[in-house]
Amino acid sequence: MFNNEIKKVLILGSGPSSIGNETELDSAAFQMMVALKRNGIKTLIMDNNPFSLTMTEIQSANTFVKEINLKNVLEVIQKSKPDAIIPTVGGLRAIHITQELMNQGILRDLNVKVLGISEAALKTVNDSNRMKTVIQQSDEPCIPSKIVNNESEAFDVVRQIGFPVIIKPINQKDSVKRKVCKNTDELSYFLENTFDEQNKKCIVEKSVVGFKQIEMVGIRDENGTKILVNGLENVDAVGVHSGDSIVVSPIQTLTDIEYQNLRTATFKIMENLDIVGVCHLQFSLSAKDNLYFITKINPLVNQSTAFSARATGYPLVYTCTNLMLGKQLNEIQLPEKYNHLTAVMEPSLDHIVVKIPIWPFENIPQASQRLNTVMKSVGSTIGVGRTVEEAMLKALRSSQFSPRDVLPSMKDLDNDELINRLIHPQSNRLLVLIEAIRRGYQVDDLEELTKINQFYFYKLKKLLDVEKLIVNHPMELNTIEHAHQFGFGDGMMAETWNIPIQKVRDIYHQYNEYPTYKSIESSAGELEQNIESFYSSFEKENESHKESQKTALVIGRGGNKLGPNTAADYYTAEVLIQLHKLGYKTVVMNNNPNALSLSPQISDKQYIEPIQLGDILNIIELEEPVRVFVPGNRHFLMKQLKKYTELNVQILPPDQDTGVILPKNVSYALNFFVTNDNNYFISSEKLMSNLNNDLDHVTNYEMPYIDLDSHQLTKNIKEASLHIDQSNWIGLVQILFNEKDNGESEYVGIRPLRLTETIFLSKATGINWIRELVKFYTKRFDSKIIDELNTNQNRIATMRATFPFKQLNIHIDHGNSSQEIGAKLKFRLKE
């Protein structure tokens, strides 16, 4: 029953991005806000992430730019008096704060409800003992383990549960010490060195290393109606973190009995915990029998729930928001594009989705590339197709970030190193598997070395057969048709045949062959729906048609990397929103399952495709956009697109590939909005480096720069204007200055304002400068906006970058801008 008492809700945001948290939580918060608004509920948001679109879209009076900690959350609750708080889109930090508020009785005393997670579920998060109790109460299997005090007790436990086992000393000083023991000799030797004066106790646990990793995502309403939204199969076995594994949906290699057992277990756990909303469970499953264990319970939004929503087309967040407000699954009214039965029907897919992780090792070579139980990937890409092969190759093409669309080779690896990487996987896991098959390794042997199901090696073999066809039968229509069916791109064939990509396209275009597009929806075509999310195919029926005569295409960044990463996705989403407000029908192309810009409420149509030239041209041929926007600098892609002179392509910010050499050292900058006729000073900005004012290491910013006196500022503005007049740059432009030892300042360079700093400028000044850029390049800019700029603000904004060094277990003193993973925003009053 709908809860009429809830009029105002506080959403706890996710804070800065980190490993395991990109923009999927902010995307969920944004979708949640839309659903709450539709139910007439006022939404407040608390976060200190400058790249939070939810904070931008909620009125400033209802946003609280504060770090998510106990003191700040309590202060906001006391001040704003919400009827309820929602912690499930804020990650573990928000969950822990909510746990503390509940344990202290503060929420009860203030009459504040917790939505989206029950008290029982809240207590299980990151509490292995509580989780074990819940699993046992549900009559489901959890991994057998026992605390022992000596060697004799350890052997007693092993006789009960069998080898292999994991031994973990209970010692805070050495919490990472653990050992997999496969026989009595290994166990005896390890225990001899474990029970000493410091280690009085150990945990003996059954080892599930090598078991299959399976994930289930379900939802439940308060009456106990449950549906399974999605099942996910990790290609890598237990021993590689699920966030670092290739993931396939729907599940491919389980028997129906195995699948139904895990589905039933998921429902039993959700019932036991009184879940109202979403719950994600992780399982380890023996490949030899039906033995399985529940390894993790996640009653909140995370990357697996985001992937499930993207893969199925099911409106997961919108549905769960209505559930937490007291509605039942059969009562939820979805937006018009969905069938009225969608919310209550379990998704059934007629397509395959494959996710491939992206790692940060290019930017942080000091980190170990060995994959283990600690997550290291910072992003991922997905491929969607009719077959596993097609989806896997599309995901691989997307993950390589090669605009030339080339499949990288591992042919330089010697056999010893190849076998070592098969046994001990690294970030190039999939390419190593392909290379092993190319060299003739037998599938049985590969399964034994990698613990990966044979099914996937046969799929990779098919891709290599198609690769041989491409090499041996160049420029033939049959070759191109076959390659398209298996996910090969035009650019990949063009590189192999050493011809321009347009020649490949001309071959099949002359036979009137073009790609068609299929809808990503949850009924396998059984229900009439108008979901505007598509993937490419070369089948006959096309389910996507030209959107309008006034369409703008925005090309997303693809998978998350270090550097601009989440800022670029925020930027892309904001461009889409502003174009829509200007009357354009908006189309986005992206392949990041966690992307904020793929939220269905942000654009009119979404294409999940590799960000490659051929795939972009295919969408342009169908949609015929009047404008194409490319947020972020991708020089090769822009160079290729500009060859098609009929396209109206605009990169934002303006292309930085200008040949201008930037200075080594800077102290501060002046930011301007430059038009063809004038330039407008916006703000001064202090650029703070953690390494001798080195521009590459500038990762902290302050606006305005308060140590700059009015005389010096006036002088700098005049000098900056001269340099702007001598340049050809328009849009947001930054003039760089350096303070010398004698206290004087000198001009040292000019550049377009970076993605991250553009967003910071918007937050600091209260003017949406992405909006103004979009208006400017669509000839709608009105300089009157400058009149609204308050240059005498009484507050100072700071933005500090965050880095993944601690999560990667490395020590780096001076992080640079290419190693940033997120940022923190803070305001303070001028003294």
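Values in this document were obtained by computation on a predicted structure and should not be read as measured data. As a basis for the values below, the full set of heavy atoms in this structure was taken, side chains included, without hydrogen atoms, waters or symmetry mates.
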Determine all donor-acceptor pairs shorter than 3.5 Å in which one atom belongs to a side chain in residues 354-362; sequence neighbours excluded.
| residue | atom | partner | partner atom | Å |
| --- | --- | --- | --- | --- |
| Trp359 | NE1 | Asp244 | OD1 | 3.3 |

Exercise answer: donor-acceptor pairs, residues 247-255 side-chain atoms, under 3.5 Å, sequence neighbours excluded:
| residue | atom | partner | partner atom | Å |
| --- | --- | --- | --- | --- |
| Ser249 | OG | Asn230 | OD1 | 2.8 |
| Ser249 | OG | Asn230 | ND2 | 3.1 |
| Gln252 | NE2 | Pro250 | O | 2.8 |
| Thr253 | OG1 | Lys212 | NZ | 2.9 |
| Thr253 | OG1 | Glu233 | OE2 | 2.5 |
| Thr255 | OG1 | Glu258 | N | 3.1 |
| Thr255 | OG1 | Glu258 | OE1 | 3.4 |

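At least one donor-acceptor pair under 3.5 Å links the side chain of Tyr314 to the backbone N or O of Ala343. Formation of a donor-acceptor pair under 3.5 Å by the Thr381 side chain with backbone atoms of Ala395 is found in this model. Without hydrogens or angle criteria, Glu521 side chain to Ser523 main chain gives a donor-acceptor distance under 3.5 Å. In this structure, the side chain of Arg310 engages the main chain of Ala595 through a donor-acceptor pair within 3.5 Å. Side-chain atoms of His351 come within 3.5 Å of backbone N or O of Ala311 as a donor-acceptor pair. Using modelled atom types, no side-chain atom of Arg421 and backbone atom of Asn428 make a donor-acceptor pair closer than 3.5 Å. With Asn590 contributing its side chain and Gly558 its backbone, the two residues share a donor-acceptor pair below 3.5 Å. Asp604 contributes no side-chain N or O that, together with a main-chain N or O of Val587, makes up a donor-acceptor pair within less than 3.5 Å. Remark: side-chain polar atoms of Thr54 are paired, donor with acceptor, to backbone N or O of Asp26 under 3.5 angstrom.
In this structure, the side-chain contact (heavy atoms from CB on, under 4.5 Å) partners of Glu646, at least two apart in sequence or on a different chain, are Tyr644. Take Lys540 and apply the side-chain contact (heavy atoms from CB on, under 4.5 Å) test, not counting sequence neighbours, and it matches no residue. Every salt bridge (Lys or Arg N to Asp or Glu O under 4.0 Å) that Glu624 has, sequence neighbours left out, goes to Lys546. When the ring pair (Phe, Tyr, Trp, His ring centres under 6.0 Å) test is applied to Phe30, no partner is found at least two apart in sequence or on another chain. For Arg386, the salt bridge (Lys or Arg N to Asp or Glu O under 4.0 Å) criterion is met by Asp350, Glu539, not counting sequence neighbours. The salt bridge (Lys or Arg N to Asp or Glu O under 4.0 Å) search around Lys585 returns none, not counting sequence neighbours. Shown here are the salt bridge (Lys or Arg N to Asp or Glu O under 4.0 Å) partners of Lys337, two or more places apart in sequence or in another chain: there are none. With sequence neighbours left out, the side-chain contact (heavy atoms from CB on, under 4.5 Å) criterion links Gln303 to Glu22, Glu24, Met375, Asn594. Qualifying side-chain contact (heavy atoms from CB on, under 4.5 Å) partners for Leu25, counting only residues two or more places apart in sequence or in other chains: Ser14, Asn21, Val301.
For Thr778 and Tyr584, the side-chain atoms include no donor-acceptor pair closer than 3.5 Å. Side-chain atoms of Ser348 and Glu526 form no donor-acceptor pair, as typed in the model, at a separation below 3.5 Å. Side-chain contact check for Ser519 and Gln529: no donor-acceptor pair (N or O, by modelled atom type) lies under 3.5 Å. Between the side chains of Tyr607 and Asp615, not a single donor N or O lies within less than 3.5 Å of an accepting N or O. At a cut-off of 3.5 Å, with distance as the only test, no side-chain donor of Gln601 or Tyr318 sits close to an acceptor on the other residue. Glu609 and Ser536 share a donor-acceptor pair across their side chains, judged by distance under 3.5 Å alone. Remark: the Thr551 side chain and the Glu623 side chain contain no N/O donor-acceptor pair separated by less than 3.5 Å. Judged purely by distance below 3.5 Å, without hydrogens or angles, the side chains of Glu215 and Asn234 pair a donor atom with an acceptor atom.
To the nearest 0.5 Å, the span separating OG1 on Thr566 from CG on Leu596 amounts to 10.0 Å.
Note on ring orientation: taking the six-membered ring where Trp is involved, the planes of His484 and Phe538 are parallel (angle under 30°, cut-offs 30° and 60°).
Results of the side-chain contact (heavy atoms from CB on, under 4.5 Å) test with Leu446 over Leu433, Ile437, Ile452 single out Ile437 as the only residue that passes. Shown are Glu390, Glu467, Glu389; of these, the salt bridge (charged side-chain N to carboxylate O under 4.0 Å, His left out) with Lys462 is made only by Glu389. Applying side-chain contact (heavy atoms from CB on, under 4.5 Å) to Ser597 and the options Leu576, Leu53, Ile602 leaves one that passes, Leu576.
Residues Pro631 and Tyr571 share a closest heavy-atom pair of CB-CD2, 3.9 Å. Cys320 and Ile219 make their closest contact through SG-CG2, 3.6 Å (heavy atoms, listed as atom of the first residue, atom of the second, distance). Closest of all the heavy-atom pairs between Gln369 and Ser427 is OE1-OG, 3.1 Å. Taking both residues in full, the closest heavy atoms of Val575 and Val554 are given as CG1-CG2, 4.0 Å, listed atom of the first, atom of the second, then distance. When all heavy atoms are compared, the tightest approach of Glu346 to Leu228 is OE2-N, 2.8 Å. Closest approach of Leu396 and Ser399 over heavy atoms only: O-OG, 2.9 Å.
Note that Lys518 lies outside the cation-pi zone of Tyr535, set by a 6.0 Å cut-off to the ring centre and a 45° limit from the axis.
Counting heavy atoms from C-beta on, the side chains of Phe629 and Thr572 never come closer than 4.5 Å. Side-chain contact between Met392 and Leu430 is present, with at least one heavy-atom pair separated by less than 4.5 Å.
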**OP:** Would you please test Asp506 and Gln510 for side-chain hydrogen bond (donor to acceptor under 3.5 Å, both in side chains) and show each step?
**Re:** CA-CA 6 Å; Asp506 289 343; Gln510 68 179 321; over 6 Å; no
**OP:** Report the C-alpha distance between Glu621 and Arg505 in whole Å, list the side-chain angles of each, state the deciding distance to 0.1 Å, and finish with yes or no for salt bridge (charged side-chain N to carboxylate O under 4.0 Å, His left out).
**Re:** CA-CA 12 Å; Glu621 286 174 346; Arg505 299 171 63 78; 2.9 Å; yes
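Among pairs with a residue in residues 471-480, none fulfils side chain to side chain donor-acceptor pair (under 3.5 Å), at least two apart in sequence or across chains.
No more than 12 heavy atoms of other residues, nucleotides or ligands lie within 6.0 Å of CD in Gln549, so this atom counts as exposed by the packing criterion. With a 6.0 Å radius and a threshold of 12 heavy atoms from other residues, nucleotides or ligands, His340 has its NE2 atom at or below the threshold.
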